[in-house]
Amino acid sequence: MQNQIIKERTERTKWYLHDRFGMFIHWGLYAIPARGEWIRNQERIPEAEYMKYFNEFNPVRYDPRQWARLAKEAGMKYVVLTSKHHDGFCLFDSALTDYKSTNTPYGKDIVREYLDAFRAEGIKVGLYYSIIDWHHPDYPHCSDQNHPMRGNPDYPDEGRNFDNYIKYFHGQVKELLTNYGHIDIMWFDFSYGEMSGEKWKATELIKMVRSIQPWIVVDNRLEASGSSYGSIVSEDPCIYSGDFASPEQMIPQRGITDVNGKSIPWESCITLNDHWGYCAADRHYKTPKMIIRALVECVSKNGNMILNVGPDAMGEIPEESAEILREVGRWMRRNSDSVYGCGEAEFAKPEWGRYTQNRNRVYAHILEEDMNATILDIPQERIDKIRLLRDRSEIIPIKPWNVVSMAGQTVFRIGAGNFPLPDESDTVVEITLKND
Ligand code: GLC
C-alpha cells in the first residue's frame with residue numbers, strides 16, 4: 001500500500017507543482033550592514049554590536065503591495081518571506097520575544113502587512129522560519145559549527161537549556177500558524193550534523209503544524225539542507241521528511257526522484273545575484289534569459305523554481321532585481337502556458353532546447369537557432385496542430401529536400417527562414433497531440 005505520507009504529500013502539493021514559480025524574500029536587520037544574511041557568522045559579530053541594527057531598523061519605504069505587484073507581473077504564483085532568519089530577528093509580533101520588528105523604530109508587524117498585500121494580489125503565501133537561532137541564549141554558541149561565537153570560550157555552552165530553545169521555536173511556529181490566517185507554505189531552514197530531525201523534536205513539531213493547518217506545504221529541511229535531501233527520496237519517508245526537496249543555487253541534472261526512480265516534488269531556490277539578503281556591493285546579477293531558461297529547465301524536470309529578492313534597509317527591492325523580474329514577466333505573459341501545469345515531457349530532451357508538457361500539449365522551448373529548420377522527434381501522425389505560443393500563429397510542418405531522415409520526425413521553420421528566432425531567450429512552440 002503506497003506509503004500514507006507519500007499519498008498525503010502528493011495531494012498537498014498538487015497546486016504547488018502546478019504553479020511552478022515562486023518569489024523568495026530574504027529581509028531583516030542584515031539589510032542595514034548590506035553584506036548578506038550570514039554577516040554575523042562571517043564577521044563573528046557579537047550580539048551587543050549587532051543590536052545597533054535593531055535600534056536603527058526603520059524601513060520607511062516598505063510597501064509590500066509594490067512587492068506583490070512586481071511578483072504578479074513576473075508571473076510568480078507563490079511567495080515565501082523570512083519571518084525569522086538565522087540572526088533570530090523576528091519580522092512578526094511574537095509574544096515569546098522582544099527581538100521583533102514591532103520593537104524597532106519601524107514598530108509594525110512586517111509579516112502581517114506582507115501577508116495582506118500578497119493575498120490581495122491572489123498570490124499564495126509562505127513563511128520561511130530559521131530553526132537556527134544565533135540570538136537565543138539557549139542555542140549552542142561555542143560548540144556550534146555556525147554560531148557567530150563558535151569556538152569562543154567566552155561563550156561556553158554550560159547552562160544553556162536547549163529544551164527551552166525548542167519550546168521557543170515550536171511556540172513561534174504555533175504563533176505563525178495560529179495568528180496569521182491561512183498559510184500555504186512553511187519553509188524551515190536548515191539541519192546540519194546532529195542538529196537534525198529529533199534534535200529539533202521534529203515529529204512533535206510537524207504533528208502540531210499539521211493539526212493547525214493540514215494543507216500547508218512544508219520543505220524537507222527539518223532533516224536536510226540545500227546539500228542533502230533526507231528521507232523524502234526514500235520509499236518510506238519519515239513524518240517530517242517534508243513535501244518537497246530544496247536543492248539550492250543549482251538545478252539537479254535529472255530532476256529528483258525517489259529510490260525507485262519516481263519523480264518527487266522539488267524546488268530549486270535561486271538568488272538573482274549571489275546573495276539571499278541584501279548586499280549593496282553585489283552587482284553580479286543573472287540575466288532575464290538565464291532566469292527564464294532556469295525556470296524552464298526546472299519545469300522540464302518536474303521541478304519548481306523559487307527566485308529570491310533581497311530588499312534593502314529602506315524596504316525596497318533593488319531596481320536591478322525588479323527590472324529582471326519585469327523582463328521575465330514579459331516572457332511569461334506570452335508563454336506561461338508552457339510553465340504552469342507543465343512537467344517533464346514524454347519525449348527525450350532535444351538538441352536545440354527542452355520540452356515541457358501538460359497533458360496532450362507539448363511545448364518545444366527552442367533555445368538554439370538552427371540555420372535550416374527545427375526538427376521534432378515527434379511523428380507527424382501524432383500531431384494535431386502546431387502554433388507559435390507567443391501569438392498562436394500557425395506553423396505548418398515541411399518536408400524540405402535537404403532533410404534526409406524523416407521517419408518519426410516533424411520538421412518546421414519559424415517565419416521566413418527559422419532565424420533569428422522571435423524570442424532569443426526562449427521561443428516556444430506549442431504542439432497539440434492528437435488524443436489517442
Ligand atoms: C541557506 C542559507 C540561508 C538561506 C537559505 C535559502 O540555508 O544559509 O541564509 O536563507 O539557504 O535556501
Side-chain angles (χ1 to χ4, degrees), residues 16 21-45 50 53 76 78-92 110-111 114 126-135 139 144-148 150 169 172-173 176 185-193 195-197 200 202 217-230 232 242-252 256 265-279 282 286 291 294 298 303-311 317 321:
Y16 171 76
F21 189 26
M23 176 185 267
F24 220 161
I25 307 172
H26 278 69
W27 194 37
L29 300 181
Y30 42 76
I32 298 174
R35 301 193 291 279
E37 74 293 347
W38 271 66
I39 177 181
R40 271 210 69 195
N41 161 285
Q42 289 153 350
E43 300 180 15
R44 294 178 180 270
I45 300 174
Y50 195 70
Y53 303 129
M76 293 162 151
Y78 61 91
V79 61
V80 176
L81 168 72
T82 51
S83 64
K84 182 195 88 167
H85 204 265
H86 307 336
D87 63 1
F89 174 67
C90 299
L91 282 72
F92 63 103
I110 286 171
V111 163
Y114 145 81
L127 294 169
Y128 164 113
Y129 183 87
S130 172
I131 44 189
I132 293 168
D133 192 314
W134 298 330
H135 175 81
Y139 198 91
D144 185 69
Q145 69 181 55
N146 293 315
H147 197 284
R150 62 195 178 282
F169 153 28
Q172 285 204 318
V173 171
L176 288 168
I185 297 171
M186 199 73 208
W187 219 103
F188 292 110
D189 188 38
F190 63 92
S191 290
Y192 56 99
M195 305 296 270
S196 175
W200 308 123
V217 171
V218 179
D219 72 323
N220 65 332
R221 295 192 181 188
L222 286 173
E223 64 166 350
S225 65
S227 57
S228 64
Y229 295 145
I232 192 171
D243 298 313
F244 64 90
S246 54
E248 187 171 322
Q249 301 285 38
M250 57 83 75
I251 299 171
I256 300 179
W266 62 271
E267 170 194 83
S268 281
C269 51
I270 307 284
T271 53
L272 274 169
N273 53 12
D274 295 326
H275 286 81
W276 299 101
Y278 182 63
C279 181
D282 183 352
K286 300 168 182 72
I291 297 301
C298 288
N304 285 25
M305 184 172 85
I306 189 166
L307 184 62
N308 184 73
V309 293
I317 291 174
S321 298

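All values derive from a computational prediction rather than experimental measurement. Counting starts at 1 for both ligands and their atoms, following the listed order.
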Counting from 1, what ligand 1 atoms have a heavy atom of [X] closer than 4.0 Å?
{"X": "Cys269", "result": "12 (O)"}
{"X": "Phe190", "result": "7 (O), 8 (O)"}
{"X": "His85", "result": "3 (C), 4 (C), 9 (O), 10 (O)"}
{"X": "His86", "result": "3 (C), 8 (O), 9 (O)"}
{"X": "Tyr128", "result": "10 (O)"}

TODO: Just say parallel, tilted or perpendicular for the rings of His26 and Trp276, cut-offs at 30° and 60°.
DONE: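 His26 and Trp276: tilted rings.
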Task: Geometric class of the Tyr128/His85 ring pair [parallel <30°, tilted 30-60°, perpendicular >60°] - done: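 His85 and Tyr128: parallel rings.
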Task: CH2-CD1 distance between Trp200 and Ile132, expressed to the nearest 0.5 angstrom - done: 6.0 Å
Task: Spacing of Ile232 atom CD1 and Arg221 atom CZ [to the nearest 0.5 Å] - done: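 Interatomic distance, Ile232 CD1 to Arg221 CZ, rounded to 0.5 Å: 12.0 Å.
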- [ ] Can you figure out which of Glu267, Arg221, His275 has its heavy atom closest to atom 12 (O) of ligand 1?
- [x] Arg221
Task: Centroid-centroid distance, Tyr229 to Trp266, less than 6.0 Å - done: no
Task: Heavy atom of Gly226, distance to ligand 1 below 4.0 Å - done: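 False for this residue.
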Task: Under 3.5 Å: N/O of Trp187 near N/O of ligand 1 - done: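 By distance alone, the answer is no.
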Considering non-hydrogen atoms of the protein only, which is the closest contact for [atom], and what is the distance?
{"atom": "atom 1 (C) of ligand 1", "result": "Glu248 OE2, 3.2 Å"}
{"atom": "atom 10 (O) of ligand 1", "result": "His26 NE2, 2.6 Å"}
{"atom": "atom 5 (C) of ligand 1", "result": "Asp189 OD2, 3.3 Å"}
{"atom": "atom 8 (O) of ligand 1", "result": "Trp38 NE1, 2.7 Å"}

Open item on the list: For Gln249, which part has a heavy atom under 4.0 Å from ligand 1: side chain, backbone, both, or neither?
Closed with: neither
- [ ] Before giving the answer on side chain to side chain donor-acceptor pair (under 3.5 Å), spell out for Asn308 and Thr271 the whole-Å C-alpha distance, their side-chain angles and the decisive distance to 0.1 Å.
- [x] CA-CA 5 Å; Asn308 184 73; Thr271 53; over 6 Å; no
TODO: Measure across Gly277 and Tyr30 and return the closest heavy-atom pair with its distance rounded to 0.1 Å.
DONE: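 Closest approach of Gly277 to Tyr30: CA-CE1, 3.8 Å.
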Open item on the list: Within the structure provided, determine whether Asp243 and Pro265 are in side-chain contact (heavy-atom separation under 4.5 Å).
Closed with: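 They are not in side-chain contact.
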Open item on the list: Once ring pair (Phe, Tyr, Trp, His ring centres under 6.0 Å) is applied, do any residues pair with Phe190, and if so which ones, sequence neighbours excluded?
Closed with: His86, Tyr192
